[in-house]
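Convention: sequence-line order gives letters A, B, ...; per-chain numbering from 1.
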Amino acid sequence: MDAENRSDWDVVIEPSKGWWRIDLRELWHYRDLLRLMVRRDLLAVYKQTILGPLWQVLQPLLTALVLAVVFGLLGRMAPADQPPLLFYLAAVVPWTFFANVIQRTSQTLVWNAALMSKVYFPRLVAPVATTLSTMVSFLLQLATFFVIALGYRVFSDLPWAPGSNLLALPLLILIMSVLAFGCGVLVASLTTRFRDLGFLVGFGMQLLMYASPVIFPLSLVPDGSLLRHVIELNPMTGVIEGFRAALLGTPIDLGLLPYSGTAALVMLIIGTLVFQRAQRTFADVV
Amino acid sequence: MAARTVIEVSDVRKRYRLGVIDRSLVTDELAAAFARLRGKPDPRGDIHAVGGDQRAGDQFWALRNVSFNVAQGEVLGLIGRNGAGKSTLLKLLSRITLPTAGRIRMKGRVSSLLEVGTGFHPELTGRENIYLNGAIMGMRRAEIDGLLDEIIAFSGIEHHIDTPIKRYSSGMKVRLGFAVAAHLDPDILVVDEVLAVGDAEFQRRCLGRMRSVADSGRTIIFVSHNMFSVQSLCTRAIWLDKGEVRADDSVVTVVRDYLNECSAQTNEQVWTDADAPGTDEVRLMAIRAISADAEGLFSTTAAITIELDLQNHAITDFDLNIQLIVHTDSDIVAFISDMTESIGTAIWPVGANVVRCTIPSDLLNDGGYRISVLFQRKGNRHFLVQDAISIDVQEGPRRGAWFQKWQGALRPALHWVR
């Protein structure tokens, strides 16, 4: 038996103490499951609702509307040369994605507990599917933004005129998704160990929103102040400022993006490693 | 030529922690960190396992030193009592959890069937769920595409295939799940008692399907409580006892030894003069259960005699009654049998007496029963010997095509007329 090569065996099950054990080939083999889980997430939520997938669009739209009225019109925080609704929608859409991915991903292990105690599949499929299905809603919301923006362009005296900044959009989406996924799986693995965290996520995301330029433009915060530093520490700050610049055509500030990009990569690596470690014993914990 | 080894389990151990499964609160983690800092033992840490005992501190060794090989085409049964480690081994083979030590290696495509319809989503239609369930079981989309019509036909629910499965009856869900499972095409199939659901017809199809999988040279590991289905399906059996391999041999040998031990459990109890339960008037000296089966096994198809040895010290009147109170494993009173109802009253000679009560064959169900003895004097309770013995009744040769646990505290053979 010892003479046999290790590669003769298709499945080897042994205790693994190492950190780096991500079988990308296996993940690829399960791409159909990934696709179906995304489909399930999208279909299942809106079955038997009248408005159906319209809810995906309505939720951020209403949030942006409220922010536009409260902070834009009453609080006068939005810049005067921008339609407040567009100004807020441009930030609410990426923020909603970020917050939803983290909140949903942090629950994937718990939601799929019944499944995971009955059958094997690469556990990473679950959070990837959650991120992708949230991405679909995000793209719908982004499309809505463009529809409304075109409406402004045609009918309003505050015309919408994005420039070449729009080209930065794919990069921004990439950074945002990687960052959200990394944070999501990290929170997910910690939640299996520290149940307290599950309660904190919702509140934490709300708190984090105030430490980002969703409600006010970063330029409103004095340079060099403590608040400015705190807000700049949030890796989503660069992403949201970037989204505003890209979608509204305001000058783009590239200074924050390298930090956001690095943070996203670091979170991706840490999150995935911790998740891979946590999922091994997950079936024993729940 | 010896058959190719396709499963190799070497020295596998699995440890669980009892009670506190993990540090679930941040404070515990902090306490552990502080303890480490001060060089003291972690208050929630491992207590080093003491060899031998399955339990050590808050740890529990569900499996210890389990090793075996399975050759291609073998159908291996895993048997053992509840808690012997069967499910744990199954989870390891299915890669749901990892061993604490040791290694399992397998060749070929492995499918494990711990339940049917895993991952069904109630809001999705039957058709959508076939794809979802198939993908979860490791099937590729193209494979399912090719098998879809066959799967739908096999399930027998063509008309409802585009209905959300939350509108399905539980039987329909099981049929759909099994239709998918039956079309898996693994080299190695790991099966739990999935047959425990569904009707007799469904179970017949399950077993039939498994047999045809086995006949086509595939390897099967089958876990069951039911000795009859193990014997009819498997060629070899492994008996797990307290997390260790107790026997590994041909199915006939292992099942026989296992049943023998089940029977030899606690079906006799003998007391000495000093500790015999009772009063100064009468004491119960011994109680034993004796099977009419040629090999002494307790089975549903063999009569069982309960024999009581009494020592009558001072009763000279007619007024002694004995009742046997029979509880099932789930603490239901299966029945109570009254002695005087059967043989009336009599004067008991002072000294040793023997009383026998026969439980006819085809009355008890398979499963465990606990027997208590109640002594009555003048219609009042005199003394009770709680759970004096217990018997573990095994499935006898089956009546009909039902291969699973028959419901009910009893399973009497009744007389039907048409």
Under 4.5 Å from a heavy atom of chain A, the part of B:Val6 involved: backbone

Residue B:Arg236 excluded, over 12 heavy atoms near CZ under 6.0 Å: yes

Counting C-beta onward and ignoring hydrogens, is there a side-chain heavy-atom pair between [X] and [Y] closer than 4.5 Å?
X        : Y        : answer
B:Ser94  : A:Val119 : no
B:Leu132 : A:Arg40  : yes
A:Glu14  : B:Arg105 : no
A:Asp10  : B:Met106 : no
B:Arg140 : A:Arg31  : yes
A:Trp9   : B:Glu8   : yes

Between [options], the one whose heavy-atom pairs under 4.5 Å with chain A are most numerous:
options                                : result
B:Pro122, B:Pro164, B:Ala135, B:Gly134 : B:Ala135
B:Gly108, B:Ser112, B:Ser111           : B:Gly108
B:Leu93, B:Ile144, B:Ile104            : B:Ile104

A:Ile13: which of B:Val12, B:Thr97, B:Leu98, B:Val110 passes side chain to side chain contact (heavy atoms under 4.5 Å, CB included):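 It is B:Leu98, the one option of B:Val12, B:Thr97, B:Leu98, B:Val110 that forms the side chain to side chain contact (heavy atoms under 4.5 Å, CB included) with A:Ile13.
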
Electrostatic pair B:Arg95-A:Glu26, nearest N-O below 4.0 angstrom: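 A salt bridge is present here (some side-chain N lies under 4.0 Å from a carboxylate O).
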
With rounding to the nearest 0.5 angstrom, report the [atom1] to [atom2] distance, [X] to [Y].
X        : Y        : atom1 : atom2 : answer
B:His121 : A:Asp41  : NE2   : CG    : 7.5 Å
A:Leu115 : B:Ile96  : CG    : CD1   : 9.5 Å
B:Asn133 : A:Leu36  : CG    : CG    : 10.5 Å
B:Leu114 : A:Tyr120 : CG    : OH    : 14.5 Å

Heavy-atom pair with the smallest gap, counting every atom of A:Leu43 and B:Glu128: CD1-OE2, 3.5 Å

